[in-house]
Undergrad: 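The structure that follows is given in the form of structure tokens.
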Number of protein chains: 2
Amino acid sequence: MLSINLTSVKLVNMRKTKEEAQKTKEKILTGALDCFSEQGYFNTSLDEIAKRAAVTRGAIYWHFKNKPEIFDALHGLLHEPFIQLILEDLEHDTEEPISQLKLLCIKLLNNLDENKTKTRIMKLFFECDYSGHLAQFKKTHQDKKLNSLKLFEQYFERAIQRKQLNPKTDPQILTLTLHCFLKGLLFEYLSGLELINIKKDGTKLINQFFEGLNQCHKAKP
Amino acid sequence: MLSINLTSVKLVNMRKTKEEAQKTKEKILTGALDCFSEQGYFNTSLDEIAKRAAVTRGAIYWHFKNKPEIFDALHGLLHEPFIQLILEDLEHDTEEPISQLKLLCIKLLNNLDENKTKTRIMKLFFECDYSGHLAQFKKTHQDKKLNSLKLFEQYFERAIQRKQLNPKTDPQILTLTLHCFLKGLLFEYLSGLELINIKKDGTKLINQFFEGLNQCHKAKP
DNA sequence: TTGACAACATACATCCATGTATGTATAATT
DNA sequence: AATTATACATACATGGATGTATGTTGTCAA
């Protein structure tokens with residue numbers, strides 16, 4: 001005669017406290033980031049995320065509407081502290097805004113390099129294509145990016161006020177040039193190729209950019 | 001009694017000549033590019049590509065092994081003429097290699113801006129994440145990129161030979177700096193934001209980069 | 001203390017994309 | 001002229017992902 005020991009049946013389905021719920025939400029986010037980093041956004045199913053976070057898809061659908069919402073949540077995790085760092089730096093009004101900006105750039109790079117989670121999130125947003133279900137976030141995320149651009153512009157405006165810039169130079173073009181350089185630098189750094197080592201070359205590259213190439217001609221005999 | 005007029009049955013299934021087959025292959029590629037540009041690589045099915053190219057999935061599976069192979073074929077279409085342009089330019093050994101390089105950059109940008117197909121293919125490869133089934137091409141495509149980087153380096157080496165560069169400057173860092181800037185510039189240009197207008201600002205941005213930011217300090221009273 | 005609801009787990013239905021197998025008519029080959 | 005391989009179209013089988021509906025249990029508020 002078969003007997004089943006009912007006490008051995010796992011009762012997995014018990015409600016968690018608010019704090020525990022918050023923890024599972026975070027577990028889902030880090031699990032999602034793990035998956036996205038390894039296989040890309042479009043190649044990970046909600047089931048894989050669930051397994052990585054040691055929950056079920058039910059938990060995911062409880063905390064998030066769908067996969068795109070997880071994507072957006074990760075974006076917020078990266079962008080807000082980033083903006084904060086620039087805003088704090090802008091509070092100091094030094095005598096040489098451009099040198100200050102140079103130091104900020106180096107600081108931002110090192111800050112990114114030291115935080116693996118930030119690196120992975122940023123990599124995610126550099127590589128993803130905002131198409132299909134992600135299209136809804138394209139504009140929002142780009143607007144946020146534009147805001148950080150506007151922040152950089154303030155350094156150049158201060159430099160103009162202090163007459164440290166040639167009046168001919170266009171601050172908009174300056175900001176764009178810097179933005180393009182930083183973007184490309186990050187893109188290359190995040191690409192997975194070991195082409196750029198921030199610890200080793202980060203400062204050199206920033207310095208080289210701020211010095212420009214024409215400078216070199218001065219070495220002519 | 002039912003009668004079927006057999007003469008009215010479309011005989012769609014007729015073999016094409018070699019040239020016609022080549023044309024359908026091209027139709028598939030342009031159809032795929034259309035779809036990828038609009039909805040992204042991962043969000044387009046082979047069926048959508050087939051419809052866009054006015055063929056069936058059968059035709060696609062005849063000409064290509066699968067979707068990743070289409071992706072790779074598009075890459076070849078962009079990269080080869082690009083390399084060719086640089087190689088041709090390198091054949092001219094002018095007296096000011098850095099100015100020559102500057103002009104080449106401007107030329108490359110304008111060349112890209114004038115060819116919508118090239119723009120769309122490049123956009124595709126900037127935005128895609130080489131994960132999942134595309135992982136197999138990551139290394140190959142990156143190696144090709146590294147080769148073009150090596151080509152840029154030659155301009156700086158020539159400048160060194162002509163003693164037009166400060167001996168302190170590291171040509172590797174120079175190449176990397178330029179590469180990062182161009183990459184970021186293209187990235188921003190291709191991002192879909194109208195932040196960068198090549199016709200209007202392309203030359204300005206390149207010039208600004210080659211002049212550098214430190215130059216501006218010379219305007220101090 | 002007792003509903004009511006939160007926080008999930010489980011089960012189910014549906015759809016869609018992929019790959020392959022098969023059919024077929026014509027161009028190329030002999 | 002007969003044969004064969006090409007250049008597809010069509011049909012089928014499969015799996016996997018999504019979303020939703022429903023079940024379960026503990027928590028918290030009244």
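All values below come from the heavy atoms of this structure, side chains included, with hydrogens, waters and symmetry mates left out. Chain letters run A, B, ... following the sequence lines, proteins first, then strands; residues in each count from 1.
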Undergrad: For DNA chain C, whose closest nucleotide is more 5', that of B:Lys18 or that of B:Thr44?
TA: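 On the 5' side of the pair lies B:Thr44.
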Undergrad: Is the positively charged end of B:Lys25 above the ring of B:Phe64, judged by distance under 6.0 angstrom from the centroid and angle within 45° of the axis?
TA: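 Yes; both conditions hold, so B:Lys25 lies above the ring face of B:Phe64.
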Undergrad: What is the separation between atom CG on B:Asn43 and atom P on D:dT18, rounded to the nearest whole Å?
TA: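 For the pair B:Asn43 CG and D:dT18 P, the rounded distance is 12 Å.
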Undergrad: Is B:Lys118 reaching over with its side chain to a backbone N or O of B:Leu112, donor-acceptor style, under 3.5 angstrom?
TA: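 Not a single qualifying donor-acceptor pair exists.
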Undergrad: Could you tell me how far apart A:Gln22 (CD) and C:dA6 (C1') are, to the nearest whole angstrom?
TA: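 Checked: the CD to C1' distance equals 14 Å.
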Undergrad: For B:Gln39 and C:dA17, give me the distance from atom CD to atom C1', rounded to whole Å.
TA: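 About 14 Å, once rounded to whole Å.
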Undergrad: Only one of A:Gln84, A:Lys107, A:Gln100 clears side-chain hydrogen bond (donor to acceptor under 3.5 Å, both in side chains) with A:Asp89; which?
TA: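 By the side-chain hydrogen bond (donor to acceptor under 3.5 Å, both in side chains) criterion, A:Asp89 pairs with just one of A:Gln84, A:Lys107, A:Gln100: A:Gln100.
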Undergrad: Nearest nucleotide by nearest heavy atom, which residue falls closer to the 5' end of DNA chain C, B:Asp47 or B:Glu19?
TA: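 Checking each residue's closest nucleotide, the 5'-ward one belongs to B:Asp47.
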Undergrad: Using whole Å, what does the distance between atom P of nucleotide C:dA27 and atom CD of B:Glu20 come to?
TA: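 One finds 8 Å between P of C:dA27 and CD of B:Glu20, rounded.
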Undergrad: Name every residue in residues 56-72 of chain B that has at least one heavy atom under 4.0 Å from any atom of DNA chain C, in order of residue number, or write none if there are no such residues.
TA: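 Correct list: B:Arg57, B:Tyr61, B:Asn66, B:Lys67.
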Undergrad: Starting from C1' on C:dA9, measure out to NZ on A:Lys27 and report it in whole angstrom.
TA: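 Computing the A:Lys27:NZ to C:dA9:C1' distance gives 13 Å.
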Undergrad: I'd like to know if the side chain of A:Lys123 and the backbone of A:Phe187 have a donor-acceptor N/O pair within less than 3.5 Å.
TA: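 Looks like no, no N/O pair under 3.5 Å.
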Undergrad: Choosing from C:dT18, D:dA17, D:dA7, which nucleotide comes nearest the side chain of A:Ser45?
TA: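 For the A:Ser45 side chain, the nearest candidate turns out to be D:dA17.
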Undergrad: Please state how far atom NZ in A:Lys23 lies from atom C1' in C:dC8, giving the value in whole angstrom units.
TA: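 Whole-Å distance recorded here is 18 Å.
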Undergrad: Return the value, rounded to whole Å, for the distance between atom NE2 of A:His133 and atom P of D:dA17.
TA: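 Atom NE2 in A:His133 sits about 15 Å away from atom P in D:dA17.
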Undergrad: How long is the line joining CG of A:Leu46 and P of C:dC8, in whole Å?
TA: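 Between P of C:dC8 and CG of A:Leu46: 16 Å.
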